[in-house]
Amino acid sequence: MPPRALRGPATVTAVVASALAAGLLAAPQPAAAGEIRIHDIQGSTRISPFAGKQVSEVSGTVTAIRAFGSSRGFWFQDPHPDRDRATSEAIFVYTGSTTPSVAVGDAVRVSGTVSEYYPGGADAGLQSVTELTKATWTVESSGNALPTAYALGPSTVPDRYAPDASGGNSGNIEGLRLRPNSYALDRYESLEGMRVSVKDTPVVGATTQYDELWVTAEPGHARTARGGALYSSYRDPNAGRVKVASLIPFAQRPFPVADVGDRLTGTTAGPLDYDNFGGYEIQATALGELADGNLARETTRKQKADELSIATYNVENLSPKTAQAKFDRLASGLVDNLASPDIVALEEVQDDNGPTNDAVTSAGATLKKLTDAIKAAGGPAYEWRQIDPTDDQDGGQPGGNIRVAFLFNPERVSFTDVAGGDATTAVRVTDDGGKAGLSASPGRIDPENPVWKDSRKPLVGQFSFRGRPVFVIANHFNSKGGDQGLDSRFQPPARSSETQRTGQAEAVNAFVKKLLAVDPLSRVIVAGDLNDYQFSPALADLTNGGVLTDLVTGEPKDERYGYVYNGNSQVLDHILTSHAVRRPDYDIVHINAEFADQSSDHDPQIVRLKP
């Protein structure tokens, strides 16, 4: 397994120190050797009552060994548990880059320092992992039976996800006594380091480049039409989601390459860890067999002669430095799976030398390479329109200068070019005898507004299809970077990035209202990666006043997704239409997000409309 942001030395952070000072955690008294058990160390909250203290001669059985990377160590578990369901009976012994000299089944006595490790540091907001560091141990016997794995399933994982700490302690749940029968996060924390298992479990998040996948211990809960776990409200983040990694040497057992809708049959078992990127994770010492769900990539129908088709596609940091194979796959997706849309709003188009951080901002080479690949795949000879951003002002990968851009098929639709658009000039709505127009096409909407700081600016263009104007606004709102995770130690988690996105939504909404004020029958399509859910405040602000309809809300509930993150199938990309767009035919085309083999991490979307 390749190392992934492997941890450094575990320490008791200022978070623990401040909790001790505030009286939230009791400072322990020294205990005589041999009197302290693992459940005493783990305690009944997320922070050990022995944090920062030395413990000696703690007994247990070695259940698993991590023998790779710089975060090596072993888990050991007390075969004689106490009666308190809130206290874990296992703990990880961190040995750094040294492979520990123990074997699974060894009965050991361990001495060391109790530490709380915060993945990414305390400021990342994730939960801590209680560990023993600077440890020494003795092996008393070998070949001992392992404690029975705790079975995760609908009867053992509560539907409620996390306690609500918003009433005090700044929302931090660390000082709260664990209630494993009431909350899923408390259940998982009460099992930290212990052997757990899942049986015949559905895959809800495809295998990643880091050889991890997500399963659900609640196979009957909130499923998508294609086998994922549907995230449809802040109240229900799908409590049964658990990540799976492997401690089995890959030469002995390659990690399964799974798609959403596959299953791990039989039993998957190992100690329950908390991952560096968040999420409780089974470090598997036994892996179920992969059963192929035969998930197929979707293909949308071709637009009719009198239908205008408009798609949105996040092409994920595309530049001339990207491998040709990705260009070819994106081209195939556009031609074969999306049936060569008349207009495509692209997101994450990088400049002509990609992540090289210099003064280059043009993207002509990137777009030419993509349109050449589309033509080679049997698609139309697309033209493009875009505006180069000011260098390093639109966020994304440093040096990449990502932006939104339009592709269009000139044999089907024409672009109304109006000079004057640039990186900093705001496009205005014009009034020609009651007909709405643009002062620049393409043009950027309100680019100097602070809501677009370090974020992509929306691009509006005027098109003409069968003699009628159509206004398309391509968007890529700011990311969720900086938000606290669903499994954060702060509950409910703060969504700090939301403030900027709601401001961006208000700006686009205001521009659409100006178009409709001139001509209420203006046909407006707002499309792109809005980085937020259909039930979010940002989408409420974007549709404010009823000027736009978010088409995903008209889909069957179990089909409302186009992105999969941490095992949750969710909506980030959207197409919205004004009221003059009658009976739009909308489709989310699932070709990426559910698959281990992706050309982008987003699924494209398409809408077809009559003139």
Side-chain angles (χ1 to χ4, degrees), residues 126-127 151-164 173 179-191 196-208 212-245 258-264 268 272-275 277-282 293 295 480 483-493 495 532-536 552 555-572 588 590 593-594 601 603:
L126 300 176
Q127 299 189 56
L152 300 176
S155 64
T156 61
V157 177
D159 286 337
R160 286 189 294 176
Y161 193 61
D164 187 333
I173 62 177
R179 298 171 61 190
N181 289 336
S182 298
Y183 303 106
L185 284 188
D186 286 7
R187 169 65 75 201
Y188 297 137
E189 179 64 20
S190 75
L191 299 169
V196 301
S197 66
V198 288
K199 187 175 181 180
D200 298 330
T201 184
V203 175
V204 295
T207 301
T208 72
E212 299 169 335
L213 57 81
W214 286 80
V215 299
T216 179
E218 296 183 309
H221 182 80
R223 304 297 298 281
T224 70
R226 288 163 57 88
L230 184 70
Y231 185 43
S232 59
S233 78
Y234 294 123
R235 297 184 301 276
D236 183 11
N238 293 310
R241 293 174 300 110
V242 180
K243 196 184 298 185
V244 175
D259 299 328
V260 170
D262 292 347
R263 298 180 69 85
L264 286 182
T268 297
L272 188 65
D273 196 16
Y274 186 77
D275 182 69
F277 285 79
Y280 285 93
E281 180 173 62
I282 300 174
L295 192 71
K480 293 182 176 293
D483 288 4
Q484 293 170 349
L486 292 177
D487 56 351
S488 166
R489 68 178 182 273
F490 298 98
Q491 295 292 334
R495 303 186 296 272
D532 226 331
Y533 316 117
Q534 71 274 25
F535 49 83
S536 67
V552 73
E555 292 291 281
K557 185 176 180 179
D558 62 0
E559 296 180 14
R560 297 176 190 174
Y561 69 95
Y563 188 80
V564 180
Y565 179 71
N566 283 1
N568 266 334
S569 294
Q570 57 198 256
V571 175
L572 292 184
I588 302 172
H590 301 297
E594 299 166 307
D601 50 352
D603 287 331

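Annotation: salt bridge (charged side-chain N to carboxylate O under 4.0 Å, His left out) contacts of D532 (sequence neighbours excluded): K480, R501. Every residue two or more places apart in sequence or in another chain that forms a salt bridge (charged side-chain N to carboxylate O under 4.0 Å, His left out) with R226 is listed here: E298, E594. For K557, the salt bridge (charged side-chain N to carboxylate O under 4.0 Å, His left out) criterion is met by no residue, not counting sequence neighbours.
Using a 4.5 Å cut-off on side-chain heavy atoms (C-beta onward), T268 and V244 make contact. Side chains of D200 and L264 form no contact here, defined as non-hydrogen atoms less than 4.5 Å apart. The shortest distance between side-chain heavy atoms of L572 and Y533 falls below 4.5 Å. Using a 4.5 Å heavy-atom threshold, the side chains of L295 and D262 count as separate. The side-chain heavy atoms of V196 and Y280, taken from C-beta on, include no pair separated by under 4.5 Å. Between W214 and V260 there is no side-chain heavy-atom pair separated by less than 4.5 Å. In this structure, the side chains of R560 and S232 stay at 4.5 Å or more apart for every pair of heavy atoms.
Using cut-offs of 30° and 60° on the angle between ring planes, the pair F535 and Y231 is perpendicular.
To the nearest 0.5 Å, atom CG of residue L185 and atom OG of residue S190 are 11.0 Å apart. Note: T208 OG1 to D601 CG = 12.5 Å, rounded to the nearest 0.5 Å. Note that OH of Y188 and CD1 of I282 are 8.5 Å apart. Values are rounded to the nearest 0.5 Å. Distance check: K243 NZ to L213 CG gives 10.5 Å after rounding to the nearest 0.5 Å. For the atom pair CD of E218 and CG of D159, the computed distance is 4.5 Å after rounding to the nearest 0.5 Å. To the nearest 0.5 Å, atoms OH (Y274) and CD (Q127) are separated by 5.0 Å.
Distance alone, capped at 3.5 Å, is enough to place a donor-acceptor pair between the R241 side chain and the N566 backbone. Looking at T201, its side chain does come within 3.5 Å of a backbone N or O of T216 through a donor-acceptor pair. Distance alone, capped at 3.5 Å, places no donor-acceptor pair between the D273 side chain and the E281 backbone. D603 contributes no side-chain N or O that, together with a main-chain N or O of H590, makes up a donor-acceptor pair within less than 3.5 Å.
The side-chain tip of R495 points at the ring of Y234 from less than 6.0 angstrom away and within 45° of straight on.
Here the closest heavy-atom approach between residue L230 and residue N238 is recorded as O-ND2, 2.9 Å. Pairing each heavy atom of S569 with each of G228, the nearest pair is OG-CA, 4.0 Å. Across L486 and Y161, no two heavy atoms sit closer than the pair O-CE2, 3.2 Å. For the residue pair Q570 and Y565, the shortest heavy atom distance occurs at NE2-CB, 3.6 Å. The two residues D275 and E212 make their nearest non-hydrogen contact at OD1-OE2, 3.5 Å. For the pair R223 and P202, the tightest heavy-atom approach, listed with the atom from each and the gap, is NH2-CB, 3.5 Å.
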*Take V157 and V242 through the side chain to side chain contact (heavy atoms under 4.5 Å, CB included) test and state the conclusion after the steps.*
CA-CA 11 Å; V157 177; V242 180; over 6 Å; no
